[in-house]
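Here's the structure, in structure tokens; my notes come after.
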Protein chains: 2
Amino acid sequence: MIAKKMEAYVTGSSLIRAMFEESKKMALRFGAENVFDFSLGNPFFPPPPEVKAAIEKWLAQPDQVYVHGYMNNSGYPEVREKIATSLNRRFQTSFTQDNLVMTVGAAGGLNTILKVLVNPGEEIVAFAPYFGEYNNYAANVDAQMVIVPPAPPSFEPNLDAFEGLLTARTKAVIINSPNNPTGVVYGEDTLGKLADILRAKQREFGIDIYLISDEPYRELVYTGKKVPFVTNYYENAIVGYSYSKSLTCAGERIGYLAVPAATSDSERIVSAANVMTRTLGFVNAPSLMQLVIAECVDVNVDISNYRKNRDTLFHGLADIGYKCVEPEGAFYLFVESPLADDLAFCNKAKEFQLAIVPGRVFGCEGYFRLAYCTSHDKIVCSLPMFQALWDSCL
Amino acid sequence: MIAKKMEAYVTGSSLIRAMFEESKKMALRFGAENVFDFSLGNPFFPPPPEVKAAIEKWLAQPDQVYVHGYMNNSGYPEVREKIATSLNRRFQTSFTQDNLVMTVGAAGGLNTILKVLVNPGEEIVAFAPYFGEYNNYAANVDAQMVIVPPAPPSFEPNLDAFEGLLTARTKAVIINSPNNPTGVVYGEDTLGKLADILRAKQREFGIDIYLISDEPYRELVYTGKKVPFVTNYYENAIVGYSYSKSLTCAGERIGYLAVPAATSDSERIVSAANVMTRTLGFVNAPSLMQLVIAECVDVNVDISNYRKNRDTLFHGLADIGYKCVEPEGAFYLFVESPLADDLAFCNKAKEFQLAIVPGRVFGCEGYFRLAYCTSHDKIVCSLPMFQALWDSCL
């Protein structure tokens, strides 16, 4: 018998992954070329060439024990130092290697930092629409998720509602900008106001409220808009970064936590994160990929492919009649569902070989999400299917 | 403020890791050549050449999206199929890819399977001396650790005591053979008796008791003794494997869970493990290393280096007067402490630049552990230090 808690996990397992699996089944039935999979944020484009060059460089090193063996739980000191230097140059921060913990992707980092910070029964706040997996991360630490209602059509964070939802039990607030699923980038003004609210509530309740910034999409911005670096706006901010998208290596599971020295209890947070990385079973971020990251710390994926996809899909859908705010970053479109029931709409989409994800997965019914990290051809060929789907709903 | 539970973790953090960190400090002070680090199971020897060849092969593939991108949470189906085929040939099992879940090392696998199986308050049984990290894994699922007392000097599992400790709340039993820290290999007879006891208790209490076999050292056996494959002896057995030692790539974090079809609730266990791999934040085992494993599924590290180390260290220590059962496998010696207080002894050892780990870390006071995965030279040069340490205790 599996554990009781598991039943809910298994039956309520990610609709995103379910749709991804379904699209693979559709591909077997209709041929891969006739299936349009917008379900998973799994980039179609290869990593930048620097990734391969860095792997080859490290394979040529005589000391392969160093390359494939254990290091500190927090990661190679040299790797952390290079990342700190890059962050400091780009964002005028003052990190050292001691402020960084290498993690098994951003998901590993978020689980580690939540385990470090959150007591059972405390509250974790997120803004809808949000990455549904946060619910599971909260369940892992027996915390209560508190969801700030969405603010369509702009999908900027609903700060008025947010303020009213903070309590003496609030331990962490998770933000994600550029946002999955909306593509919204939180500007300086938004972040400043959010920080002011948090500071006031910290004083009011006499507690620390940690702002955790989940940043896998930091480098994917199409409008030239600056993505403010949260630790410059709020003291108790912690960044959870992933190279999954910036270096197109989502399967490799590599990222980091950055905990500024100014953060309340900073040293103990880092010490505890080192222990938790080990005791949660990650032990350390994969060794070779850590060394590769250090070589590629300022390398970015070519975002022109994503921009082209975004433009074609956004305008193509708008021409049909779909309603959506043009995304500033990430590689998702969050579109109003022509049917009020977004799940019914996504099931209908399957008839047109379209694998798409209902908004309810992100705590926002009446919408659907498209991941446009696929090939441009796929996007062009999908538009007639989206037209037919639209017509079928009239 | 970090979470309350963390305080205990941070202060009681692994003495093994603490000793490892300390030996690095000693190396700075005395010179690396004058420090003898027997603390951590971090092999000194490089991976077999096939690992490098396999990485190069996959880097040369045109489809680098496949190599570095997301796959099923349970891992690439092709990789799981190759592992299943190898297991079936070597151990007369009948695994398919559907019985395997690729994991972030054995530690990731153990955390995943415990989360899948164990309800809060249920009991997890382990045999002392045991890998102390199990305590943390149990704490992660709010389970109770139940420790079977050690049976020196043979350190075979104490089956009489074991039988008396099983209760209606027992959910899992963890075994580890070849054993860390004793090097004992559980034979067919032992495993058969253990299985009989478990079956009887399952009937008595009307429950399923899962036997979880933690197997990072399976391939490291020096005596020709067969390491029985647990799923052939007991139905509700699950294997947690790691390639850390067999392919000398502990930093890469790659292993698997094997859940036989005959195991009670097998399909739901695998489904839940797939979900938990994701929701615990691992998402999937590192992609490139999965593909590398598939190429190296029958490759093993050259154990002659370890055997030479074992022989030199075991006989060298015995000549001095230290008492220890000759290890059959793994790369550890578990030695009687000349001082009753094993922690005091290990602290004294530091005066002789010896980094060693007290037995209490493994639930067995009065002993100390040596990891002999270091260079043979180190072992030879350490013997006069062990002699001086011995003399200082007289």
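Naming convention: chains lettered A, B, ... in sequence-line order (proteins, then strands); numbering from 1 in each chain. Note that this is a predicted model, so its numbers are computed, not measured. No hydrogens, no waters, no symmetry mates; every other heavy atom, side chains included, goes into these values.
B:N73 touches chain A through backbone and side chain together, each having a heavy atom under 4.5 Å away. Only the side chain of A:R253 comes within contact range of chain B, with heavy atoms under 4.5 Å apart. With a 4.5 angstrom heavy-atom cutoff, A:Y210 touches chain B only via side-chain atoms. Using a 4.5 Å cut-off between heavy atoms, A:V104 contacts chain B through both its backbone and its side chain. Contact of B:L247 with chain A is not made at all, since no heavy-atom distance falls under 4.5 Å. Of the atoms belonging to B:I269, heavy atoms from both backbone and side chain fall under 4.5 Å from chain A. In this structure, the portions of B:N140 lying under 4.5 Å from any heavy atom of chain A include both its backbone and its side chain. Contacts between A:L110 and chain B at a heavy-atom distance below 4.5 Å are absent for every atom of the residue. When heavy atoms are compared at a cutoff of 4.5 Å, A:N236 does not approach chain B at all. Only the side chain of A:D208 comes within contact range of chain B, with heavy atoms under 4.5 Å apart. For B:A285, the part sitting under 4.5 Å from any heavy atom of chain A is the backbone (N, CA, C, O) and nothing else. Looking at B:K115, both its backbone and its side chain come within 4.5 Å of chain A, counting heavy atoms on both sides.
Interface remark: of the candidates A:T279, A:D265, A:N136, A:T279 forms the most heavy-atom pairs closer than 4.5 Å to chain B. Here A:R268 is the residue among A:E56, A:K5, A:R268, A:Q64 with the most heavy-atom pairs under 4.5 Å with chain B. Between chain B and the residues A:D142, A:L40, A:L288, the most heavy-atom pairs under 4.5 angstrom are made by A:L288. When each of B:P47, B:G105, B:S264 is scored by its heavy-atom pairs under 4.5 Å with chain A, the top score falls to B:P47. Taking B:P46, B:A272, B:A250 one by one and counting their heavy-atom pairs under 4.5 Å with chain A, the maximum is reached by B:A250. In terms of heavy-atom pairs under 4.5 Å with chain A, the best-connected choice from B:V118, B:V283, B:I207 is B:V283.
Remark: A:Y76 engages A:Y66 in a ring-ring contact (aromatic ring centres under 6.0 Å, His included) (not counting sequence neighbours). By the side chain to side chain contact (heavy atoms under 4.5 Å, CB included) test, B:K24 is found to be paired with A:N72, B:F20, B:E21, residues two or more places apart in sequence or in another chain being considered.
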Could you walk me through whether A:V65 and B:F45 pass the side chain to side chain contact (heavy atoms under 4.5 Å, CB included) test, one step at a time? CA-CA 6 Å; A:V65 174; B:F45 309 104; 5.6 Å; no
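No donor-acceptor pair closer than 3.5 Å links the side chain of A:N42 to the backbone N or O of B:G69.
By the 4.5 Å heavy-atom criterion applied to side chains, B:M276 and A:M6 are counted as neighbours. Residues A:V67 and B:K52 form no side-chain contact, since every pair of their non-hydrogen atoms from C-beta on lies 4.5 Å or further apart.
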